[in-house]
Number of protein chains: 2
Amino acid sequence: METNAETAAERKCPIETVIHLLGGKWKPLILWHLLESTRRFSELEKLIPEVTQKMLAQHLRELEADKLVTRTIYPSVPPKVEYMLSDYGKTMVPVLETMCAWGETHNRLSLRPAAQAIANV
Amino acid sequence: METNAETAAERKCPIETVIHLLGGKWKPLILWHLLESTRRFSELEKLIPEVTQKMLAQHLRELEADKLVTRTIYPSVPPKVEYMLSDYGKTMVPVLETMCAWGETHNRLSLRPAAQAIANV
DNA sequence: TAGGGCACTTACTCGAAAGTAAGCATGGCT
DNA sequence: AGCCATGCTTACTTTCGAGTAAGTGCCCTA
């Protein structure tokens with residue numbers, strides 16, 4: 001698809017660049033936990049119980065490909081792998097914080113509730 | 001699906017709230033153009049030539065349901081409909097600007113280029 | 001020798017998001 | 001009478017992201 005073929009530099013709107021980077025279902029949560037400290041794969045699994053191993057691995061690999069996180073392998077047995085925000089990833093911290101701030105403020109004024117949520121009211 | 005049933009207030013991470021609101025394929029671009037001024041449906045079509053009428057209408061209605069944009073109908077013939085950022089939508093301007101700023105800076109350092117983009121280099 | 005822990009893959013399935021193409025309602029213009 | 005413009009809607013199809021479940025490789029321990 002052509003829209004996938006466009007490079008970041010070709011995107012019409014810089015907002016899309018950010019959405020593209022953070023857009024995976026679990027990426028915000030992963031970054032959220034990496035803001036605090038370095039994490040192992042199994043730690044992230046515990047911190048985000050709903051995510052499957054497949055999706056966690058996939059999103060981590062995408063974040064790594066996007067250079068937002070760094071993957072460090074310690075050649076021990078059993079294996080140990082640590083994920084942390086890269087320096088590049090840290091440049092996005094203000095963006096994440098601004099989004100968080102807005103989200104926190106406006107979470108409470110619930111917006112477009114899902115169908116089931118309406119049904120339960 | 002359970003994750004869709006959660007209300008905004010139940011979201012684990014406030015970033016998700018923002019992603020949820022801006023997450024449609026054309027929403028960032030729509031808001032981007034509404035930042036500048038009020039726009040008619042047909043203006044947005046010209047500004048975003050790749051979007052279909054269906055998707056434009058759908059995303060505009062979602063943005064309206066989320067109270068980010070206001071829809072004003074002028075009962076003229078042919079019909080005239082104007083879309084603008086609501087006051088609530090304007091509270092998100094700093095978020096959009098922060099994202100834009102990051103995106104603009106980092107667009108140039110192209111990140112994870114798509115396969116075809118690589119092939120063309 | 002069997003089982004366990006870690007950090008993943010792989011193959012398959014499903015549903016939602018997005019795209020395509022066509023139609024509709026109004027009334028004015030020629 | 002026929003065509004145009006605007007701002008959509010509808011029905012159908014395709015694509016893609018995400019979920020399920022099972023398997024892999026390594027070496028240590030019991």
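Chain identifiers are assigned alphabetically (A, B, ...) following the order of the sequence lines, protein sequences preceding nucleic acid strands; residue numbering begins at 1 within each chain. Scope of the values below: all heavy atoms of this structure, side chains included, with no hydrogens, waters or symmetry mates.
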Item checked: Rounded distance [0.5 Å steps], CG in A:L68 versus CG in A:D87 -> 12.0 Å
Notebook entry, point to check: Mind checking whether A:W102 and B:Y88 have parallel, tilted or perpendicular rings, split at 30° and 60°?
Noted result: tilted
Check: So what does B:T52 hit on the nucleic acid, given a heavy-atom distance under 4.0 Å: a base, only sugar-phosphate, or nothing?
Finding: base
Checklist line | Residue mapping more 5' on DNA chain D - nearest nucleotide basis, B:E43 or A:Q58 | finding: B:E43
Item checked: Nearest-0.5 Å distance, CG of residue A:L34 to CD of residue A:E82 -> 10.5 Å
Next item on the list: Report the distance from atom NZ of B:K46 to atom P of D:dT6, rounded to the nearest whole Å.
Entry: 6 Å
Next item on the list: In whole angstrom, give the distance that lies between atom OH of A:Y74 and atom P of C:dA7.
Entry: 12 Å
Margin query: With a 4.0 Å cutoff (strictly under), does any side-chain N or O of A:K25 reach OP1 or OP2 of D:dG19?
Written below: yes
Note to self: Let me confirm one number: the CH2-CD distance from B:W26 to B:Q58, rounded to the nearest 0.5 Å.
What the structure shows: 13.0 Å
Checklist line | Distance below 4.0 Å between A:R61 side-chain N/O and C:dT9 OP1 or OP2 | finding: yes
Collect all protein-nucleotide pairs involving nucleotides 22-24 of chain D in which both atoms are nitrogen or oxygen and the distance is under 3.5 Å.
none

Note to self: As an exercise, state the distance from CG of B:L21 to NZ of B:K67, rounded to the nearest 0.5 Å.
What the structure shows: 12.5 Å
Checklist line | Proximal nucleotide (of D:dA11, D:dG7, C:dA7) relative to the B:R40 side chain | finding: D:dG7
Notebook entry, point to check: OP1 or OP2 of D:dG17 sitting under 4.0 Å from any side-chain N/O of A:H59?
Noted result: no
Notebook entry, point to check: Measuring from B:I48:CD1 to B:L29:CG, what's the distance to the nearest 0.5 Å?
Noted result: 4.0 Å
Item checked: Near-strand residues of residues 76-85 of chain B, defined as heavy-atom separation under 4.0 angstrom from DNA chain D -> B:P78, B:P79, B:K80, B:V81, B:Y83
